[in-house]
Trainee: 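Sharing a structure, written as structure tokens. Questions coming.
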Amino acid sequence: MMVQLQQQAERFGTDVRIGMVTNVDFSKKEGGIHKITVDNEKQIEAETVIISTGASAKYLNIPSEQRLRGGGVSACAVCDGFFYKGQDVAIVGAGDTAAEEASYLANICNKVTMLVVRII
Ligand SMILES: Cc1cc2nc3c(=O)[nH]c(=O)nc-3n(C[C@H](O)[C@H](O)[C@H](O)COP(=O)(O)OP(=O)(O)OC[C@H]3O[C@@H](n4cnc5c(N)ncnc54)[C@H](O)[C@@H]3O)c2cc1C
């Protein structure tokens, strides 16, 4: 599927290059152009840069969380929600992501409880 996605992007003119971005210069010193260094050697210049380097889950960093990961504790409702179908589940957090995950789980779980930290 990933190969097909790349092929489709290339059909629409995308120039795909493989490499690790090791430095960026967004100061626009020279003519409003951003400079990206790839693998510490190659330079790419662009007027616009989209950063899509992914995200990682924010865990609570408590010992039981590590022990139960994959056995009741998850950081992705879409990925693991099915395993908790019809069950009572709890979500830690109350931001946009938590609300999105809660509305997804509400369709497949029996009860969804959101645990919200209240700052006094
Ligand atoms: C174990 C696991 C299971 C999952 N299961 C599901 C699932 O079943 N269903 C679902 O919908 N979602 C699932 N997800 C979530 C899904 O993988 C992510 O939401 C999705 O991949 C995010 O896409 P992305 O393009 O934003 O980031 P990513 O897929 O993380 O891609 C970021 C890319 O940026 C690259 N990168 C980072 N830094 C640099 C750099 N300096 N230079 C060049 N490249 C760089 C990385 O190598 C990576 O290829 C799962 C995630 C995990 C970890």
Side-chain angles (χ1 to χ4, degrees):
M1 189 181 85
M2 298 313 294
V3 172
Q4 287 176 338
L5 288 174
Q6 181 173 333
Q7 286 169 346
Q8 187 190 18
E10 285 169 338
R11 257 204 323 276
F12 286 94
T14 306
D15 173 11
V16 178
R17 302 184 197 181
I18 309 291
M20 181 64 69
V21 172
T22 47
N23 195 33
V24 292
D25 178 1
F26 290 155
S27 63
K28 287 187 164 189
K29 274 183 215 142
E30 290 161 38
I33 295 292
H34 299 301
K35 289 184 177 171
I36 300 112
T37 309
V38 181
D39 295 329
N40 287 316
E41 50 184 35
K42 287 167 264 172
Q43 282 242 328
I44 294 174
E45 298 186 345
E47 287 175 356
T48 305
V49 177
I50 300 171
I51 302 171
S52 52
T53 48
S56 50
K58 268 194 209 163
Y59 283 97
L60 298 172
N61 293 321
I62 52 176
S64 54
E65 179 184 58
Q66 295 290 331
R67 185 168 46 81
L68 295 169
R69 218 188 267 188
V73 173
S74 169
C76 177
V78 182
C79 317
D80 299 331
F82 178 79
F83 298 118
Y84 307 105
K85 192 176 176 185
Q87 296 184 33
D88 292 352
V89 299
I91 292 175
V92 180
D96 291 354
T97 305
E100 206 178 308
E101 305 276 77
S103 64
Y104 175 80
L105 290 171
N107 288 319
I108 52 176
C109 295
N110 179 52
K111 184 179 171 189
V112 181
T113 304
M114 292 182 81
L115 304 170
V116 181
V117 178
R118 196 177 65 168
I119 300 167
I120 302 170

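Heavy atoms only: backbone and side chains are in, while hydrogens, waters and symmetry mates are out.
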Trainee: Would the distance check show the side chain of Glu101 and the main-chain N or O of Ala77 forming a donor-acceptor pair, the cut-off being under 3.5 Å?
Mentor: yes
Trainee: Looking at every heavy atom in both Ala75 and Ala57, which two are closest together, and how far apart are they?
Mentor: CB-CB, 3.4 Å
Trainee: Are Val92 and Val89 connected, step by step, through hydrophobic side chains (Ile, Leu, Val, Met, Phe, Trp, Tyr) whose heavy atoms are closer than 4.5 Å?
Mentor: no
Trainee: Taking atom types as modelled, find out whether Gln4 and Gln8 have a side-chain donor-acceptor pair closer than 3.5 angstrom.
Mentor: no
Trainee: Going only through I, L, V, M, F, W and Y residues with side-chain contacts under 4.5 Å, is there a path from Tyr84 to Val112?
Mentor: yes
Trainee: Could you tell me whether the side chain of Asp25 reaches within less than 4.5 Å of the side chain of His34, counting heavy atoms only?
Mentor: no
Trainee: How about Glu100: does its CD atom have over 12 heavy atoms from other parts shown lying under 6.0 Å from it?
Mentor: no
Trainee: Is there a chain of hydrophobic side chains (I, L, V, M, F, W, Y, each step under 4.5 Å between heavy atoms) that links Leu68 to Tyr59?
Mentor: no
Trainee: Do you know the tightest heavy-atom contact between Ile51 and Phe26?
Mentor: CD1-CE1, 4.1 Å
Trainee: Between the side chain of Asp39 and the main-chain N/O of Met20, is any donor-acceptor distance below 3.5 Å?
Mentor: yes
Trainee: Is Thr22 close to Val38 at the side-chain level, that is, under 4.5 Å between some pair of heavy atoms?
Mentor: no
Trainee: Between Thr37 and Lys42, is any pair of side-chain heavy atoms under 4.5 Å apart?
Mentor: no
Trainee: May I ask you to decide if Cys76's main-chain N or O and Ser74's side chain share a donor-acceptor pair within less than 3.5 Å?
Mentor: yes
Trainee: Could you state the interatomic distance from NZ (Lys85) to CG (Asn110), rounded to the nearest 0.5 Å?
Mentor: 13.0 Å
Trainee: Given the rule that I, L, V, M, F, W and Y join up when any side-chain heavy atoms are under 4.5 Å apart, are Leu115 and Ile62 in one cluster?
Mentor: yes
Trainee: Can you tell me how far the CG atom of Asn40 sits from the CD atom of Gln43, to the nearest 0.5 Å?
Mentor: 11.0 Å
Trainee: Starting at CG of Leu60, measure out to CD of Glu65 and round the result to the nearest 0.5 Å.
Mentor: 4.5 Å
Trainee: What distance do Cys109 atom SG and Tyr104 atom OH have between them, rounded to the nearest 0.5 Å?
Mentor: 9.0 Å
Trainee: Working to the nearest 0.5 angstrom, can you tell me the gap between Ile36 CD1 and Ile44 CD1?
Mentor: 6.0 Å
Trainee: Same cluster or not: Val49 versus Val21, using hydrophobic residues (I, L, V, M, F, W, Y) connected whenever any side-chain heavy atoms lie under 4.5 Å apart?
Mentor: yes
Trainee: Looking at CD1 of Ile91 and CG of Leu105, how far apart are the two atoms once the value is rounded to the nearest 0.5 Å?
Mentor: 5.0 Å
Trainee: Does atom CD of Glu47 have more than 12 heavy-atom neighbours from other groups under 6.0 Å away?
Mentor: no
Trainee: Please give me the minimum heavy-atom distance between Phe82 and Ile108, naming the atom from each residue.
Mentor: N-CD1, 4.0 Å
